[in-house]
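We're numbering straight along the sequence, starting at 1.
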Amino acid sequence: MKKILFNSIDEIRIGNAENLEGPTGCTVVICEKGASAGVDVRGGSPGTRETDLLNPVNLVDRIHAVVLAGGSAFGLDAAGGVMQYLEERDIGFDVNVTKVPIVCEAVLFDLDIGDCKIRPDKSMGYKACINSEFNLCKNGNIGAGAGATVGKILGDEYAMKGGLGSYALQVGELKVGAIVAVNCLGDVIDSKSGNIIAGALRKDGKSFAGTENIMMKMYSQKKNLFSGNTTIGVVVTNGSFTKSEMNKMASMAQDGYGRAIRPAHSMFDGDTIFTMATGKVKSDLSVAGFLAAEVVEKAIVKAVESADPILGYRSYKDI
């Protein structure tokens, strides 16, 4: 097993666009030839597009892009720009009169950082597609991670900067990679040490309060004390899998959230993972599935390690 770059996976391109005056942004993962795909939604507050289509009982079995975006539900507009870009290039599901690009999306809440009126829109989605032609794999305050923050249970004053992270592995000819935008309620954990590396800070601004400990002390309070969370991601492989298998892979990939975020999948997160397979290499699903969990975990850590401070939010680099 060796580490590779996410953008080295066959027939996949990645592009980012952001407005740091927001700050907010979007990330697009494109497969022009179409990819078998699945999805798994675990959080209680998701914002998504075209997830029903990925149910194995439904007709379309290949998608052409996945978008990750900030802006909460407003950010779903970014998919329109991706559809325009792909239709202009005659990419999509053939309906005789045109080709309809199949574009899935998940959004995170970043409206409470900076200017809430600046959101990903159709033009930003289109720009991300143009940028995908360079196929650059960047991390940190980029794309959907531009306005991402973590550890918000004590309020913005004690939260830290999240970001966009990528990680990929290769075993033989099989490649599996993940792109994750980390905007979680909870703390981010380095599984090697078991230590928190980003999350809710104490008043000293240097040590961690421990989100799970805080929540346990508040266990009897049922009102919604938390807002503005969600971790969203895409796992891509060059393996050959059916739509049913890709949904199972998405389920297995969620283990990466559980390893790197505490707590994960809360009622106040919209944790979502899409999966895409280009179908180039025969592979056992269980192997690809546990590799998916591994790259998701590592991508989450990479996201916070690469983040820069912004608008008063401290980052891993500061601590």
Would you give the length of the straight line joining atom [atom1] of [X] to atom [atom2] of [Y], rounded to the nearest 0.5 angstrom?
X      : Y      : atom1 : atom2 : answer
Ser45  : Leu108 : OG    : CG    : 13.0 Å
Lys122 : Cys26  : NZ    : SG    : 13.5 Å
Arg13  : Cys137 : CZ    : SG    : 14.0 Å
Ile12  : Lys175 : CD1   : NZ    : 11.0 Å
Ile197 : Ile319 : CD1   : CD1   : 11.5 Å

Treating [X] as the side-chain partner and [Y] as the backbone partner, does any N or O pair qualify as donor plus acceptor under 3.5 Å?
X      : Y      : value
Asn16  : Asn131 : no
Gln170 : Gly172 : yes
Asp156 : Lys152 : no
Asp121 : Met124 : yes
Arg119 : Gly71  : no

>> Does Glu32 form a side chain to side chain donor-acceptor pair (under 3.5 Å) with His64? I'd like the steps, not just the answer.
In response: CA-CA 6 Å; Glu32 292 189 357; His64 304 96; over 6 Å; no
>> Test side-chain contact (heavy atoms from CB on, under 4.5 Å) on Val176 and Val235; report intermediate values, then the result.
In response: CA-CA 7 Å; Val176 182; Val235 171; 3.9 Å; yes
>> With side chain to side chain donor-acceptor pair (under 3.5 Å) as the criterion, how do Ser207 and Asp204 come out once you've worked through the C-alpha distance, each side chain's angles and the decisive distance to 0.1 Å?
In response: CA-CA 7 Å; Ser207 58; Asp204 62 10; 2.8 Å; yes
> Are Met83 and Phe274 co-members of a hydrophobic cluster defined by side-chain heavy atoms under 4.5 Å apart?
Replying inline: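 Yes, one cluster joins them.
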>> I'd like to know if Ile142 and Ile14 are part of one continuous hydrophobic network [Ile/Leu/Val/Met/Phe/Trp/Tyr, side-chain heavy atoms within less than 4.5 Å].
In response: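 Per the 4.5 Å side-chain linkage, Ile14 and Ile142 are co-clustered.
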>> Is it the case that over 12 heavy atoms from other parts of the model lie below 6.0 angstrom from the CZ atom of Phe74?
In response: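 Not more than 12 within 6.0 Å, no.
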> Parallel, tilted or perpendicular: which describes the rings of Tyr126 and Tyr85, with under 30° parallel and over 60° perpendicular?
Replying inline: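 Tyr126 vs Tyr85 ring planes: perpendicular.
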>> Arg42 vs Thr272, test: side chain to side chain donor-acceptor pair (under 3.5 Å). Steps then yes/no.
In response: CA-CA 6 Å; Arg42 296 278 178 95; Thr272 300; over 6 Å; no
